[in-house]
There are 2 protein chains.
Amino acid sequence: MTKETQKISQKVIPRLSRYYRILFEYSGRDMISSKELSDITGYTAAQVRKDLAYFGQFGCPGRGYNTVDLKNSIRKILGLDRTWNVALIGVGNLGMALLGYKGFKEQGFEIVAAFDTDPGKVGSSINNVEVFQTEKMCRVMTQKKIDIAVLTVPREAAQGMAEEAIRCGAKAILNFAPINLKLPDSVKVRNIDMSIEIENLSFLISRQ
Amino acid sequence: MTKETQKISQKVIPRLSRYYRILFEYSGRDMISSKELSDITGYTAAQVRKDLAYFGQFGCPGRGYNTVDLKNSIRKILGLDRTWNVALIGVGNLGMALLGYKGFKEQGFEIVAAFDTDPGKVGSSINNVEVFQTEKMCRVMTQKKIDIAVLTVPREAAQGMAEEAIRCGAKAILNFAPINLKLPDSVKVRNIDMSIEIENLSFLISRQ
DNA sequence: TAGATTGTTAATCGATTAACAATC
DNA sequence: TAGATTGTTAATCGATTAACAATC
């Protein structure tokens, strides 16, 4: 199997994101070794090297990885060498918070439109992002060249809104609704399910 | 290895949470089979049976699982048969949104105190939750018998606030800060890292 | 009874780790 | 050069799936 067709495990990508962040803190340094990345992240050094080796030969035997080069390489791998246009669907508590979330913008994810069914919200602007009615989704999303939809609607509305977002051109969905979206395989979905995470904690505490 | 000492993979628990949710929708039904749970969740039927079998024999060969009994069993396993006292540390955009998040309360996670360093926020109440200064953390958390801390502070403050929360009696932390907290192994931690999730999507779209 | 479906064991699959030749 | 550290292969570990006897 060649490098090009080799399947990359989904598990590698979050680790790449972590290496990438660490490299920002270490950009004053010239080189960093897999051993150091191991100490910081808690992954083994072998795993660090293997993760990076999926994508090319970035290191220098005996010396480690050049921090600036590796950072730039990972940036390209993760697709962070460009801006992504993001639409927020559902301007409730959580959606509102995400409009002000700096972590997205810092990495090039720009929320350029928001949608809600509430007429009281439609037409307003939050953090310089205009709220449109959901009926206008396709027109607005096409015009603003949306790549990713962030879904922060109630559970009951999530499947429908997800389908609509895809129909209107979104290629990926970051889903905060506690539901398993059924969408074509070509659509990329990541779920953030806060209840499931906190339930994990209650499980762990309970059985101590 | 007996059932009692058998190590349960961390991966099983989020799946249990999903079965649990599905059982609410199916509580009108008498029985549900692993095949049906498989169809709904996308996990294999064998996995569903194995996940449940870690914790006991809940099924009935030839008939499936009694929906009400299984729901109650999973509730106990996940520690959802009681109320958990939660403290919110960091009342920014995201923290504010979580104070209004219904998904926690529905499962028995009650946010009973919030903390912030901003004097403009201290003393106010949001969604009937009082905001205290962080200096009062130990006094308030002891008095309110806090089990879990939800950490929504900026990255720079996260490690310090996490340590303080543990010192003040929290047994688990739900961490939204984009940082790998270094805490004793006895402390249970789950991380929700929204930037890492959206970066996963940009990676996937980029390489299509 | 015959059909359905469990719980569990064995087989498979995939991911992590160890080891080491290559090389800076 | 000697020491350090990579990239990669082989070994190990753990999780998932298949298969099926038990049983409702």
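Chain A is the first sequence line, chain B the second, and so forth, proteins listed ahead of strands; every chain is numbered from 1.
Looking at the side chain of B/Lys50, the nearest of the listed nucleotides C/dA19, C/dT16, D/dT16 is D/dT16. Side-chain atoms of A/Ser34 lie closest to D/dT6 of the nucleotides C/dT8, D/dT6, D/dT8. Nearest nucleotide to the side chain of A/Tyr65, out of C/dT8, C/dT6, D/dG7: D/dG7.
Going from atom CD of A/Gln57 over to atom P of D/dT5 covers 18 Å, rounded to whole Å. As rounded to whole Å, 18 Å separates atom P of D/dT6 from atom CZ of A/Phe55. If you take CG of A/Leu52 and C1' of D/dT5, they are 13 Å apart, rounded to a whole angstrom. Atom OH in B/Tyr54 sits about 17 Å away from atom C1' in C/dT6, given to the nearest Å. Note: CD1 (B/Ile32) to C1' (C/dA4) measures 15 Å, nearest angstrom. Rounded to whole Å, the distance from CG on A/Asp30 to C1' on D/dA4 is 15 Å. Spacing between atom NZ of B/Lys11 and atom C1' of D/dT17 amounts to 15 Å, rounded to whole angstrom units. The interatomic distance linking A/Asp51 (CG) with D/dG7 (P) rounds to 12 Å, in whole Å.
Using cut-offs of 30° and 60° on the angle between ring planes, the pair A/Phe132 and A/Phe115 is tilted.
For the pair A/Arg21/B/Ile196, a side-chain contact is recorded, criterion being any heavy-atom separation below 4.5 Å from C-beta on. Under the 4.5 Å side-chain criterion, counting only non-hydrogen atoms from C-beta, A/Asp118 is not in contact with A/Val91. Using a 4.5 Å heavy-atom threshold, the side chains of A/Gln159 and A/Lys182 count as touching.
When both pairing distances are held under 3.5 Å, C/dA21 makes a Watson-Crick or G-U pair with D/dT6.
Other residues, nucleotides and ligands place more than 12 heavy atoms under 6.0 Å from the OH atom of B/Tyr101. Within a 6.0 Å radius of CZ in B/Arg63, no more than 12 heavy atoms belonging to other residues, nucleotides or ligands are found. The neighbour count for B/Lys35 NZ, taken as heavy atoms of other residues, nucleotides or ligands under 6.0 Å away, does not exceed 12.
No hydrogens or angles considered: a donor-acceptor pair under 3.5 Å links the side chains of A/Ser34 and A/Arg49.
Residues from residues 17-25 of chain B placing a heavy atom under 4.0 Å of any atom in DNA chain C do not occur. Against DNA chain D, the stretch residues 35-48 of chain B makes heavy-atom approaches under 4.0 Å through B/Thr44, B/Ala46, B/Gln47.
Dashed line: the shortest gap from a side-chain N or O of B/Gln10 to OP1 or OP2 of D/dA15 is not under 4.0 Å. The side chain of B/Arg49 places no N or O atom within less than 4.0 Å of a non-bridging phosphate oxygen (OP1 or OP2) of D/dA19.
B/Phe24 carries B/Lys71 over the face of its six-membered ring, with the cationic atom under 6.0 Å from the centre and within 45° of the normal.
To the nearest 0.5 Å, the span separating CG on A/Leu37 from CZ on A/Arg15 amounts to 12.5 Å. The CG atom of B/Leu94 lies 5.5 Å from the OG1 atom of B/Thr152; values are rounded to the nearest 0.5 Å. Interatomic distance, B/Arg18 CZ to B/Asp51 CG, rounded to the nearest 0.5 Å: 11.5 Å.
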Using a cutoff of under 3.5 Å, can you pull out all pairs of nitrogen or oxygen atoms linking the protein to nucleotides 21-24 of chain D, with atom names and distances?
| from | atom 1 | to | atom 2 | distance (Å) |
| --- | --- | --- | --- | --- |
| D/dC24 | O4' | B/Pro61 | O | 3.2 |

